[in-house]
Amino acid sequence: MEIFMKTQWWHNKVAYQVYPKSFYDSNGDGIGDIPGIIEKLDYLADLGIGILWISPVYASPLADEGYDISDYYAIDPRFGTMDDMDRLIAEAKKRGISILMDLVVNHCSDEHEWFKAAMRDPNGKYGRYFYLEDADRGLPCNLRSYFGGTMWEPLPGTDKIYLHSFHKKQPDLNWENPGLRRDIYKMINWWLDRGLGGFRIDAIMNIKKALPFKDYPADRDDGLCFVGKMIDEAEGIGEFLGEMRDNCFAPHGSFTVGEVFNIRDDEKEEFIGEDGYFSSMFDFAAHIFGQSRNGWYDADDITPEDYKRVTFAAQENFGQHCFPANIIENHDQPRGASRYLPEDGRNPAGKKMLATVLMMLHGIPFIYQGQEIGMENVPFDSMDQVDDVSSFAEYQTALDAGCSEKEALAAVAKYSRDNARTPMQWTGGENAGFTDGSPWLRVNPNFTEINVAEERDDPDSVLNWYRKLIALRTDPTWGDTVVYGEMIPYLPGQKDLMAFFRKGEGRTLLVLANFQGERQPVVLPDGLCHVVLNTERELNIIDGEAQLGGYQAVILSVGDCPGL
């Protein structure tokens with residue numbers, strides 16, 4: 001097998017995302033913190049994690065849970081101190097774990113010093129760090145923010161209005177200004193010099209706007225058009241991204257993973273090829289399936305056949321020369337077990353099957369906290385239980401579209417970001433072992449059955465299945481095949497079966513995953529050697545067919561198996 005690109009230190013790693021506010025509370029105030037992450041590093045190392053992405057812990061008013069940064073050079077006291085952050089980087093390094101932080105540079109907080117300076121002097125240096133327009137000229141465009149309503153807001157104490165693609169407390173930064181870009185790069189390098197392994201890069205496609213601003217055809221009765229329309233039309237973002245790579249990431253050998261949407265298939269190598277802007281980018285193909293510009297209430301469910309089709313298509317589009325970041329869930333998505341598994345498959349067997357598919361795809365797998373124990377969506381009884389700002393906007397959108405309160409709540413319950421943000425379930429004890437205090441967000445009531453303590457010593461648990469899958473990436477026999485092997489779909493037309501080869505040099509693996517509760521036979525290729533991993537204790541093979549049980553997954557070796 002010819003390795004398709006220059007090998008990198010991160011290729012055989014598995015990444016893990018921590019949402020700090022909900023991971024582990026070390027001081028009893030109900031909020032997870034950096035010392036809490038440090039306490040759990042041995043757990044992550046034992047799992048086999050090599051890269052740890054922590055969602056924002058910068059100083060922030062938390063209007064959007066830390067994605068509104070008021071000081072890029074400070075740690076929010078709710079999460080700890082800069083000394084805690086330095087200790088986390090150092091302690092993680094001792095365990096072979098590289099730390100990623102979120103890089104949020106499309107916008108900052110309206111409490112950032114740059115924005116305060118812009119309010120004092122809109123025509124001065126820092127006024128040019130934002131998109132400011134004269135209020136008396138009316139709205140420059142009819143774009144709708146991601147959180148609903150117009151993207152334009154009055155700049156307090158002035159005759160100006162400012163642009164915000166997200167929350168009104170998140171003013172967009174003007175990347176057309178070279179002075180702003182220099183300040184951004186200075187900040188990035190300051191963090192990399194402290195020992196970070198790199199960044200997860202938030203909403204990066206939004207930094208380039210289609211200018212000058214203009215109106216677009218309305219896509220709802222409010223007369224506004226979704227902001228994504230402007231981002232789709234923007235040209236020339238590569239100039240900014242290449243400049244950031246050359247000034248920051250490349251000199252440090254950093255690992256970077258971009259939150260990238262809406263690029264053409266022929267642009268993927270520009271973004272994550274050998275000389276790409278980033279090391280990797282998330283594959284959101286399954287996550288955006290069924291989305292509707294109308295809102296969550298109008299979204300379509302995803303079936304196993306849909307999941308297979310979009311996942312295989314994405315793998316083909318990325319090809320061997322790009323290294324995508326594969327996910328089931330993250331802090332912005334509902335729990336994968338609740339979204340991608342049929343109702344009768346939301347059990348340990350189904351969760352292990354879903355994990356098998358994720359971990360065996362071409363690319364670098366990202367695990368979101370709690371995914372490795374099979375955490376699920378939280379039940380909602382009323383909007384009083386909701387914290388997520390986007391959920392309130394979607395609830396109102398559903399009501400405005402004529403949905404009943406019950407229907408609007410059902411849409412929120414299915415897609416709310418709070419589903420992924422409930423506290424990590426460490427034990428079956430009080431507050432799931434997350435805190436000795438009162439948790440900032442309620443614990444999922446299923447914590448007594450689904451928790452780390454319950455699964456740690458169970459050899460058949462979801463947790464220990466993840467551990468086995470992670471170990472396969474560094475296994476002397478199979479590691480190169482799992483990391484670098486070609487991904488080839490197998491029997492794509494067989495319903496509720498997701499099967500594919502990972503073909504390496506002298507080593508080939510076949511992954512079989514049964515996405516239904518009923519047993520189903522699968523014709524095996526010639527040259528089967530043995531079972532490498534199996535979610536059940538045995539695999540029945542009759543007359544060249546594997547008799548897969550309900551939601552069973554198996555990894556088989558095929559072809560020449562020297563030394564086995």
>> If I compare all heavy atoms of Ala203 with all of Asn106, which pair ends up nearest, and what's the gap?
In response: O-CB, 3.8 Å
> Listed by chain and number, what are the ring-ring contact (aromatic ring centres under 6.0 Å, His included) partners of Tyr185, not counting sequence neighbours?
Replying inline: none
> Distance-only, no hydrogens or angles: does the Thr256 side chain make a donor-acceptor pair with backbone N or O of Ser279 under 3.5 Å?
Replying inline: yes
> What's the spacing between Ser254 OG and Asn189 CG if we round to 0.5 Å?
Replying inline: 8.5 Å
> Does Tyr551 have its ring centroid less than 6.0 Å away from the ring centroid of Phe515?
Replying inline: no
> Taking atom CG of Asn206 and atom CZ of Phe261, what is their separation to the nearest 0.5 Å?
Replying inline: 9.5 Å
> Between Glu267 and Arg264, is there a donor-acceptor pair closer than 3.5 Å when you use the side chain of the first and the backbone of the second?
Replying inline: yes
Please output the side-chain donor-acceptor pairs of residues 535-547 that fall under 3.5 Å, not counting sequence neighbours, one pair per line with the distance.
from: Thr535; atom 1: OG1; to: Ala553; atom 2: N; distance (Å): 2.9
from: Thr535; atom 1: OG1; to: Ala553; atom 2: O; distance (Å): 3.0
from: Arg537; atom 1: NH2; to: Asp460; atom 2: OD2; distance (Å): 2.7

> Could you walk me through whether Thr356 and Leu469 pass the side-chain contact (heavy atoms from CB on, under 4.5 Å) check?
Replying inline: CA-CA 7 Å; Thr356 305; Leu469 289 168; 4.2 Å; yes
> So does Glu376 pair up with Arg335, basic N to acidic O under 4.0 Å?
Replying inline: no
> When you look at His11 and Phe323, which way does the ring-ring contact (aromatic ring centres under 6.0 Å, His included) test go after all the steps?
Replying inline: CA-CA 8 Å; His11 278 168; Phe323 217 84; 4.4 Å; yes
> Heavy-atom distance under 4.5 Å between the side chains of Leu497 and Leu491, does that happen here?
Replying inline: yes
> Does any pair with a residue in residues 235-254 pass ring-ring contact (aromatic ring centres under 6.0 Å, His included), and if so which ones, sequence neighbours excluded?
Replying inline: Trp175-Phe240
> Side-chain contact, heavy-atom cut-off 4.5 Å: Trp426 with Tyr43?
Replying inline: yes
>> Please tell me whether Gln371 and Tyr16 have a donor and an acceptor in their side chains that are separated by less than 3.5 angstrom.
In response: no
> Between Tyr340 and Tyr307, what is the ring plane arrangement, given parallel below 30°, perpendicular above 60°, and tilted in between?
Replying inline: tilted
> Considering only heavy atoms from C-beta outward, does the side chain of Val257 approach that of Ile272 to under 4.5 Å?
Replying inline: no
> So which heavy atom on Asp301 is nearest to which on Phe289, and how close?
Replying inline: O-CE2, 3.5 Å
>> For Asn451, is there any backbone N or O sitting under 3.5 Å from a side-chain donor or acceptor partner on Gln425?
In response: no
>> Considering only residues two or more places apart or on different chains, which pairs with a residue in residues 82-96 satisfy salt bridge (charged side-chain N to carboxylate O under 4.0 Å, His left out)?
In response: Asp42-Arg95, Asp84-Arg87, Asp86-Arg194, Glu91-Lys94, Glu91-Arg95
>> Under a plain distance cut-off of 3.5 Å, with no hydrogens placed, do Asn419 and Ser416 share a side-chain donor-acceptor pair?
In response: no
> Is there a side-chain contact between Ile204 and Met244, using heavy atoms and a 4.5 Å cut-off?
Replying inline: yes
> Is there side-chain contact between Tyr19 and Ile54, with heavy atoms separated by less than 4.5 Å?
Replying inline: no
>> Arg507 vs Thr477, test: side-chain hydrogen bond (donor to acceptor under 3.5 Å, both in side chains). Steps then yes/no.
In response: CA-CA 8 Å; Arg507 301 281 194 278; Thr477 300; 5.2 Å; no
> Which heavy atom of Ile34 sits nearest a heavy atom of Met85, and at what distance?
Replying inline: CD1-SD, 4.0 Å
> How close do Ala420 and Gln333 get, heavy atom to heavy atom, and via which atoms?
Replying inline: CB-O, 3.3 Å
> Listed by chain and number, what are the ring-ring contact (aromatic ring centres under 6.0 Å, His included) partners of Tyr146, not counting sequence neighbours?
Replying inline: Phe166, Phe226
>> Give me each pair satisfying salt bridge (charged side-chain N to carboxylate O under 4.0 Å, His left out) with a member in residues 244-256, each pair once, sequence neighbours excluded.
In response: none
>> Is the shortest side-chain heavy-atom distance between Glu455 and Val462 below 4.5 Å?
In response: yes
>> Can you give me the closest heavy-atom contact between Ala337 and Glu329, atom names plus distance?
In response: N-OE1, 4.2 Å
> Is it true that the side chains of Asn330 and Gln17 contain a donor and an acceptor less than 3.5 Å apart?
Replying inline: no
>> The test is side-chain hydrogen bond (donor to acceptor under 3.5 Å, both in side chains); show your working for Asp300 and Gln291 and say whether it passes.
In response: CA-CA 7 Å; Asp300 291 329; Gln291 287 184 356; over 6 Å; no
> Do the side chains of Val558 and Leu509 get nearer than 4.5 Å, heavy atoms only?
Replying inline: no
> With distance as the sole test, does Trp465 use its side chain to make a donor-acceptor pair with the main-chain N or O of Lys352 at under 3.5 Å?
Replying inline: yes
> Do Glu486 and Arg502 have side-chain heavy atoms sitting under 4.5 Å apart?
Replying inline: no
> Residues two or more places apart in sequence or in another chain: which of them pass ring-ring contact (aromatic ring centres under 6.0 Å, His included) with Trp53?
Replying inline: Phe282, His331
>> With a sphere of 6.0 Å drawn around CG of Asp526, does it hold more than 12 non-hydrogen atoms of other residues, nucleotides or ligands?
In response: no
>> Using a 3.5 Å distance criterion without hydrogens, assess whether the side chain of Gln315 forms a donor-acceptor pair with backbone atoms of Phe312.
In response: no
> Among all residues two or more places apart in sequence or in another chain, which pass the salt bridge (charged side-chain N to carboxylate O under 4.0 Å, His left out) test with Glu316?
Replying inline: none
> What about the rings of Tyr67 and His107, do their centers lie closer together than 6.0 Å?
Replying inline: no
> In chain order, what residues pass the side-chain contact (heavy atoms from CB on, under 4.5 Å) check against Ser26, with sequence neighbours excluded?
Replying inline: Asp33, Pro35, Glu39
> What's the verdict on side-chain hydrogen bond (donor to acceptor under 3.5 Å, both in side chains) for Asn514 and Gln520, showing C-alpha distance, side-chain angles and the deciding distance?
Replying inline: CA-CA 7 Å; Asn514 181 13; Gln520 97 165 282; 2.8 Å; yes
>> Tell me if the centroids of the rings in Phe500 and Tyr490 come within less than 6.0 Å of each other.
In response: no
>> Pairing donors with acceptors under 3.5 angstrom, does anything connect the side chains of Arg346 and Ser338?
In response: no
>> Tell me every residue that passes ring-ring contact (aromatic ring centres under 6.0 Å, His included) with Phe278, counting only those two or more places apart in sequence or in another chain.
In response: none
>> Between Arg181 and Glu243, does any NZ, NE, NH1 or NH2 come within less than 4.0 Å of an OD or OE carboxylate oxygen?
In response: yes
> Of all residues at least two apart in sequence or in a different chain, which pass the salt bridge (charged side-chain N to carboxylate O under 4.0 Å, His left out) check with Asp46?
Replying inline: Arg467
>> Treating Thr474 as the side-chain partner and Ala471 as the backbone partner, does any N or O pair qualify as donor plus acceptor under 3.5 Å?
In response: yes
>> One thing to verify: whether Arg421 and Asp332 come together as a salt bridge, which I'm taking to mean a side-chain N less than 4.0 angstrom from a carboxylate O.
In response: yes
> Do you know which two heavy atoms are closest between Gly238 and Tyr277, and how far apart they sit?
Replying inline: CA-OH, 3.3 Å
> Are a donor atom and an acceptor atom from the side chains of Trp9 and Ser98 found within less than 3.5 Å of each other?
Replying inline: no
>> Test of understanding: with salt bridge (charged side-chain N to carboxylate O under 4.0 Å, His left out), list the residues that count as partners of Arg200, not counting sequence neighbours.
In response: Asp102, Asp202, Glu259
